[in-house]
Amino acid sequence: MSVSKAKTLLQSLRWYHLGFAFVWAITFAGLSSGDRAFAGQRLFGLSDQACALAAIAVAVLYERRRSPFPPRFAVGMGVLLAAGSCVYYLTVGGVLDVSTGSLAAGVLVGLALGFSYVLWQQFFASEGASRTAIYIPLSALLSVALSLLVSLLPDPARAACAVVVLPVAAAISLRRCLREIVPADPMPRMTAKLAGGTVRALWKPVFCTCAIGFIWKLVSHLFAVPGGASSAPALAGMALAVAVVVLIELFSETGFAVLRVYQILFPLITGVFLLPTLLGLEFAPLAAGMLLFGFEIVNLLLIVTCAVYASERSLPSTQVYALCVGPTLAAMLAGDVVGTGLSPLATYDFAMAVNILFVCVYALSLVLFLVAFTRKGGRGRERAAEAAHDVAVVGARHDAPGAAPNEPPLGAESTVRSADAETCVESAPSAPGEPAGPSQGAADIAALLDRRMDALGLAEPFSPREREVVGLVLRGNNVPAIARKLYISENTARDHMKSIYRKADIHSRQELIDLFD
């Protein structure tokens with residue numbers, strides 16, 4: 001993304017577009033017992049993660065029957081988040097029984113977080129690749145600042161933020177974002193074939209993120225890092241990771257490669273692992289912080305990839321998220337469970353814990369080495385599989401109820417972004433019989449538009465922006481391509497198309513093209 005394009009996108013940014021930061025801030029700093037030891041923290045964490053996975057599964061079932069999620073769901077998410085935070089602090093304060101309160105708080109917060117993840121993913125997927133690459137990293141950057149601020153507050157103020165301020169801000173921002181979504185034409189159902197294509201296209205970054213997430217959780221228990229995710233090393237690791245991702249997404253023209261990023265991180269992380277063994281246990285938190293740094297980089301990039309992949313192929317965003325980020329959450333839960341069972345060993349035999357850690361890390365590095373250097377023939381087969389998957393998506397769109405024959409839905413996409421790089425290929429074909437093909441010059445299109453507009457004599461003429469949109473449609477561009485070229489969101493592009501249809505008293509892209517025959 002060029003600097004000029006980034007500036008253009010930032011000018012249209014609104015505060016509520018970064019509302020995901022409020023949810024992250026609660027996760028990293030809001031729900032923390034501070035300096036006091038909390039016996040129910042592990043039970044809270046395990047139930048929290050398990051219920052988040054359950055909420056994502058429920059959202060998948062809901063999306064298969066009805067989409068998109070209505071804005072009122074944001075209010076329910078905020079209520080669950082506030083209630084869970086309230087129960088958590090009542091338990092920390094000794095008002096509620098530790099076991100019962102920790103479990104109840106974990107269930108409420110986990111359900112709220114799970115639904116929050118899929119609702120925000122729906123918004124990100126509706127905004128297109130360029131805006132998603134801005135919104136997610138900047139949301140993470142804001143969450144670091146908020147987490148640092150909240151962690152410095154005294155306990156009563158931290159509780160007020162977690163119970164009232166952050167949930168309310170999260171609900172308001174999410175509701176406003178969901179209200180901006182313009183529903184696209186009917187999208188295909190996530191069939192087994194489409195799900196298999198998604199897995200084949202994205203399994204490498206998913207595997208990498210799952211592995212690092214598992215080891216991060218395991219190491220946090222083995223080293224008994226104080227403060228968990230709200231500790232200074234953890235916040236520093238996350239802040240550094242967010243800064244790296246922001247730089248990658250704002251100023252990289254070729255996108256990112258999760259596996260290559262991990263290959264760079266591995267020697268650095270491994271070197272930090274040696275510090276506790278060589279210099280003492282006081283360096284153990286640094287190891288956990290470095291792991292969080294590596295995990296947050298690949299995790300943020302994976303979230304961006306999921307949103308972009310769902311957007312560009314007009315696939316259900318929640319189901320793509322469940323296939324890709326769901327395994328990451330499950331791996332982190334598994335790391336917590338294993339770490340909880342192994343943590344007593346650390347007090348008796350620290351060397352054994354280090355050996356277990358290095359066996360896991362080096363086994364992972366070996367697998368990733370073999371994965372990253374596959375033969376070119378294998379890569380060619382993967383590209384062919386991805387191409388076949390895209391064909392299946394297009395075919396499913398044509399079979400969708402209400403779709404006009406020989407006409408792609410309004411949200412059809414021709415951009416392909418792989419897990420290794422971002423390559424935009426604007427190859428949307430002209431509709432059958434369309435006189436204005438991609439080879440026609442912009443001046444010819446403008447002249448044709450002027451003549452035809454005079455002949456049509458519309459009661460309500462097209463605005464200058466709508467004229468730009470019509471011109472791009474006549475040159476063979478679809479909605480995502482129009483959004484990229486005009487530096488607007490796909491929702492805004494669809495709004496323009498709907499307004500054009502209304503003013504011209506037509507109902508499809510083909511009818512618009514026929515007007516200028």
Side-chain angles (χ1 to χ4, degrees), residues 21-56 58 75-117 143 146-171 216-217 220-221 223-232 234-235 238 285 288 292 329 332-341 343-344:
F22 301 122
V23 177
W24 268 330
I26 293 178
T27 303
F28 277 93
L31 299 178
S32 170
S33 56
D35 296 331
R36 293 178 296 172
F38 177 41
Q41 189 69 42
R42 288 186 177 178
L43 178 58
F44 168 77
L46 292 176
S47 57
D48 169 18
Q49 296 175 76
C51 288
L53 285 169
I56 293 173
V58 171
V75 178
M77 182 277 300
V79 171
L80 284 175
L81 197 54
S85 300
C86 182
V87 172
Y88 176 87
Y89 276 99
L90 289 176
T91 306
V92 172
V95 178
L96 299 177
D97 176 70
V98 173
S99 298
T100 303
S102 300
L103 180 60
V107 170
L108 291 171
V109 172
L111 292 175
L113 292 179
F115 287 121
S116 173
Y117 296 156
S143 72
L146 290 174
S147 297
L148 181 61
L149 178 62
V150 171
S151 64
L152 296 176
L153 296 175
D155 289 347
R158 185 188 300 115
C161 286
V163 175
V164 179
V165 178
L166 293 177
V168 170
W216 166 49
K217 288 292 186 178
S220 297
H221 285 283
F223 288 154
V225 179
S230 62
S231 63
L235 288 177
M238 183 179 177
L292 180 57
L329 298 177
M332 294 170 64
L333 175 59
D336 260 338
V337 172
V338 174
T340 299
S343 56

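This structure is a prediction, so every number in the text was calculated from the model and none was measured.
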Run the numbers on F44 and V109 for side chain to side chain contact (heavy atoms under 4.5 Å, CB included), then give the verdict. CA-CA 9 Å; F44 168 77; V109 172; 4.1 Å; yes

With L108 via side-chain contact (heavy atoms from CB on, under 4.5 Å) - residues at least two apart: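 Once residues adjacent in sequence are excluded, the partners of L108 under the side-chain contact (heavy atoms from CB on, under 4.5 Å) criterion are L80, A83, V87.
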
Residues which pass side-chain hydrogen bond (donor to acceptor under 3.5 Å, both in side chains) with S99, listed by chain and number, not counting sequence neighbours: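 Per chain and number, S99 pairs via side-chain hydrogen bond (donor to acceptor under 3.5 Å, both in side chains) with no residue.
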
For the student: nearest non-hydrogen atoms of [X] and [Y], plus distance:
X    : Y    : answer
G84  : A105 : O-CB, 3.6 Å
S116 : V23  : OG-CG2, 3.4 Å
C161 : L153 : SG-CD1, 3.7 Å
L166 : A25  : CD1-CB, 4.2 Å
I26  : S85  : CG2-OG, 4.3 Å
G78  : P167 : O-CB, 3.9 Å

Using residues 49-56 as the side-chain source, report each donor-acceptor pair under 3.5 Å to any protein atom, sequence neighbours left out, with the distance given to one decimal.
residue, atom, partner, partner atom, Å
Q49, OE1, L333, N, 3.3
Q49, NE2, G45, O, 3.2
Q49, NE2, D336, OD2, 2.4

Going from [atom1] on [X] to [atom2] on [Y], what distance comes out if it is rounded to the nearest 0.5 angstrom?
X    : Y    : atom1 : atom2 : result
L103 : D48  : CG    : CG    : 11.5 Å
M77  : L111 : CE    : CG    : 12.5 Å
L146 : F28  : CG    : CZ    : 12.5 Å
L113 : L31  : CG    : CG    : 8.0 Å

